[in-house]
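Notes follow the structure.
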Amino acid sequence: MTEAKNPQSSAAELPTQYTPGEVETSLYEGWVERGYFAADAKSDKPPYAVVIPPPNVTGSLHLGHAFEHTLIDALTRRKRMQGYETLWQPGMDHAGIATQNVVERELAKEGLSRHDLGREAFVERVWKWKAESGGQIAGQMRRLGDGVDWSRDRFTMDEGLSRAVQTIFKRLFDDGLIYRAERIINWCPRCLTAISDIEVEYQDDDGELVSIRYGEGEESIVVATTRAETMLGDTAVAVHPDDERYRHLVGKQIVLPLTGRRIPVLADEHVDPEFGTGAVKVTPAHDPNDFEIGRRHDLPMLTVMDEHAVITAHGPFQGLDRMEARSAIVAALRADGRIVAEKRPYVHSVGHCSRCKTTIEPRLSMQWWVKVGPLAQAAGDAVRDGRVAIHPREMESRYFGWVDHLNDWCISRQLWWGHRIPVWHGPDGELVCVGPDEEPPGGEGWTQDTDVLDTWFSSGLWPFSTLGWPEETESLAKFYPNAVMVTGYDILFFWVARMMMFGLYAMDGEIPFRTIALHGMVRDQFGKKMSKSFGNAVDPLEWMDKYGSDAVRFTLARGANPGTDVPIGEDWVQGSRNFANKVWNATRFALMNGATVEGPLPAEAELSTTDRWILSRLNAVVADVDALYDDYQFAKLSDVLFHFAWDEVFDWYVELSKTTFAAGGPAADASRRVLGEVLDVTLRLLHPVIPFVTETLWTTLTGRESLVIADWPAASGFRDAAAEAEIVKLQEVVTEVRRFRADQGLQPGQRVPARVELSGAGLQEHEAALRQLLRLQPEGESFAATASLPVAGATVALDLSGTIDVAAERKRLAKDLAAAEKEKTQAEAKLGNEGFLAKAPEPVVAKIRTRLAKAEEDIVRIGAQLERLPQA
RNA sequence: GGGCGCGUAGCUCAGCGGUAGAGCGCUGCCCUUACAAGGCAGAUGUCGGCGGUUCGAACCCGUCCGCGCCCACCA
């Protein structure tokens, strides 16, 4: 064996199996300590910035986070290797209502409510929770290998970001884009707060549609409702203006049952005469449509429920919960003979609080609003004019559909956990919006608004608030706009659209990021949604402990087709672990055989065909992977790397190199350098997705400091089509002979005397390797060919000493013959088709001709082989 | 009611106009000195149905059936 340039001891350091364990943790801490992930705003390098979609501090990360982090980490690691000043901005979201609910549930276990503590103590308590949850999340991120700049860690409620919130609030307020108004809002009677339209989840519930007769005799009209309890607040009945049936009643007053109140019948365009009876009860204070009708007709707004959705209207129903009231009122109406029809069950769409699933109660309420018109217009335009690209493209329509038909955004929440609205109320109802450096108005009777802001208000500022805005920091100048926003399609409206609106507004029309790359949701191995209640949710830590972070990451990346959901099962993670182990062992082999990265690659003339083949393929793969990264095709690039590494490098190049190494000499030296090169580059290519195992192997292989700061491979442009074709041919010959051996029941290790004739295929160079791969002995003196296998112009004759299984061989050949004949028929049919010849492009026709020629050749060859077989 | 998308090997999914693919699973042989978390060989599909366009369709068009998601003020 030739002296290796690499210390032989390095291979001995590697055990025969890859065990991720604590290796991963210590590697990660080393990376952080050495400052690899720190982003320097003063750097001359071009910037590449991505913000983390800040996880809610409601607990710990799930597999969906691991997925998203894998993608962002891979992107940023590659860019860092490419020489960009890379910032992966970490941080977390206070997640107002979600976190408040979690802490309230914790309190409930102690038998306490937030009111027992009072606002200040409760908020204190939430901060304590935040510290715990935040610590847990940071730990998970480190375990995953997230290359974030921890020195820049932010929280949506930290001092700087609170300042950003106050600044933009003030600016919007002064621009007239934030206002206060009393409207029907979505009220959660459990969370006791207003929520925005998109925080309402609609689902089909079973209800009961009752038709109730209002008024008496001639002057009566039947209305239908699923919410009978709201009739207590009815202040009109509406019909369509053109509806002949009710024309005589319009303008009249009729008696509202159970109350004795007289309410008008009025005409309004909104009413659909086709629906139900064509008459609608109008409850302006408890239904958004009715509210609009009420506004148009100047109706009284009669509130009959309190914030808990308990009836407040005077009378027998007072104090009843809305659901109790519903049945009580229906019963009372039935007793009065006023129920003229009932439909049960009646399936209809009902809104629920997305946080606690309680049925939403539309409620008339004074709230703060953002006037989204101009902001949404700009957000839509930025995508329309191509300044921001949405990937995958199909998601654009969803974005436009939302941004272009947006109602004003209710931003106030009656919660305690969040950014307090910076407006002070004066004794006479004055409103003063207070900016960050301003003193709130003093004096008697001035109090700060008690509401807090919707949590998405602060996260909407994330791409620039994390960089120091409103200060004009170096970081802001360097890293805004971000390169890409990687996030789930489920929060396109909640978050992405808001960042677009606020980014463009606060940064004077500058977009927050150039590309929006939307990923799907992680699902279980059967494609089912993961959820705790369904019992199929997985703690990423569990799998990381069992199989390593790399395995989890690789599995997630392999499933990441743009915008589509990602199924993941434990078996698949196991498969990825196996891949990591394979890479591990291939590198061990290389080290044991003196593979090296030292010195220049041997000149082309010194390289064997095999070397040139693998280098040619390597360069093709580098180019492919680059293109796929630029298109956010994580699944495909992972697949390309998986197959290149395993099928081509490990199963063929490494196997072929064994012969070369055994022979020694300059060819072996050249191969050692090429193997070193191929592994070096392959490890670099794999590093962004599986950083840990690649780091361990690469530093051992190269003796250099770290792959994290290594250069990303550049395709050299070296390609050798002839070498590629030659190796493909060699693979054909080897596979064919192996197939024969398997069919003949030969044991894989059994040596067989053989005579090989490879010059016809131009494969002479590979005879030694071929003999090694096929376990073929020299023919010896008494050689008697009992089987002769012609393939691809080469012939391999084997001496099976008369033990050939004729039946098996006949079966195999018959099958091949049938395939060749089918092939011939198909090709002939094509070539006999004038339309095809006239219209098909030349390369296609040529391909068919080649196929036909090969099929004919095969038929002759196989026929001859069959003939040579002894009769059974 | 609108909009988007999906039905391809047992499972989960790629492919989106020129001989049907991957991973896992399955069958057989093998502990061949990097790796049994491995090697080699193999089996498996009327590409949801029906029409149409085309020399040629899993891929384009129409239609039907079955799913999923998003949006919408169905009393």
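In what follows, chains are A, B, ... by sequence order, proteins preceding strands, each numbered from 1. Basis for what follows: all heavy atoms, side chains included, without hydrogens, waters or symmetry-related copies.
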Touch class at under 4.0 angstrom, heavy-atom based, for A279(A) against every strand present: base

Sequence-distant partners of R577(A), side chain to side chain contact (heavy atoms under 4.5 Å, CB included), two or more places apart: Y547(A), A551(A), Q574(A)

With sequence neighbours excluded, residues passing salt bridge (charged side-chain N to carboxylate O under 4.0 Å, His left out) with D545(A): R143(A)

side-chain N/O N578(A) vs C35(B) OP1/OP2, d < 4.0 Å: no

Any residue meeting side chain to side chain contact (heavy atoms under 4.5 Å, CB included) with K847(A), in chain and number order, not counting sequence neighbours: none

Residue A586(A), side-chain heavy atoms: nucleotide from A75(B), A34(B), C71(B) that is nearest: A34(B)

Contact letters for nucleotides 41-48 of chain B, in which S counts primed atoms plus P, OP1 and OP2 and B counts the base, heavy atoms under 4.0 Å: SSS-----

Side-chain N or O of Y346(A) closer than 4.0 Å to phosphate OP1/OP2 of A75(B): yes

Atom-to-atom span, CD of Q203(A) to P of C71(B) - whole angstrom: 14 Å

Under the 3.5 Å Watson-Crick or G-U criterion, the dot-bracket string of RNA chain B, with | for inter-strand pairs: ((((((((.[[[[.)..(..]]]].(((((.......))))).....[[[[[..)....]]]]])))))))....

Contacts of type salt bridge (charged side-chain N to carboxylate O under 4.0 Å, His left out), residue R296(A), not counting sequence neighbours: D268(A)

Length of the line joining D490(A):CG and C70(B):P, which is rounded to integer Å: 9 Å

Backbone N/O of E229(A) and side chain of R322(A): donor-acceptor pair under 3.5 Å: no

Side-chain N or O of W646(A) closer than 4.0 Å to phosphate OP1/OP2 of A22(B): no

Nucleotide of A22(B), A34(B), C69(B) approaching H643(A) most closely (side-chain heavy atoms): A22(B)

Flag side-chain contact, heavy atom, 4.5 Å: D272(A) against H240(A): no

Residue-phosphate contact under 4.0 Å: K854(A) side-chain N/O, U19(B) OP1/OP2: no

Partner residues of F275(A) under the ring pair (Phe, Tyr, Trp, His ring centres under 6.0 Å) criterion, sequence neighbours left out: none

Residues which pass side chain to side chain contact (heavy atoms under 4.5 Å, CB included) with D287(A), listed by chain and number, not counting sequence neighbours: R227(A), N289(A), D290(A)

All salt bridge (charged side-chain N to carboxylate O under 4.0 Å, His left out) counterparts of E736(A), not counting sequence neighbours: R739(A), R812(A)

A37(B) OP1/OP2 closer than 4.0 Å to side-chain N/O of Q574(A): no

Qualifying residues under side chain to side chain contact (heavy atoms under 4.5 Å, CB included), relative to N833(A), sequence neighbours excluded: F836(A)

Look for any protein N or O under 3.5 Å of an N or O in nucleotides 10-14 of chain B and output each such pair with its distance, or none.
none

Atom-pair distance (CD on E229(A); C1' on A75(B)), nearest Å: 13 Å

Please tabulate the protein-to-nucleotide N/O contacts below 3.5 Å involving nucleotides 51-55 of chain B, giving atom names and distances.
{"unit_1": "C55(B)", "atom_1": "OP1", "unit_2": "K839(A)", "atom_2": "NZ", "d": "2.1"}
{"unit_1": "C55(B)", "atom_1": "O2'", "unit_2": "N833(A)", "atom_2": "ND2", "d": "2.4"}

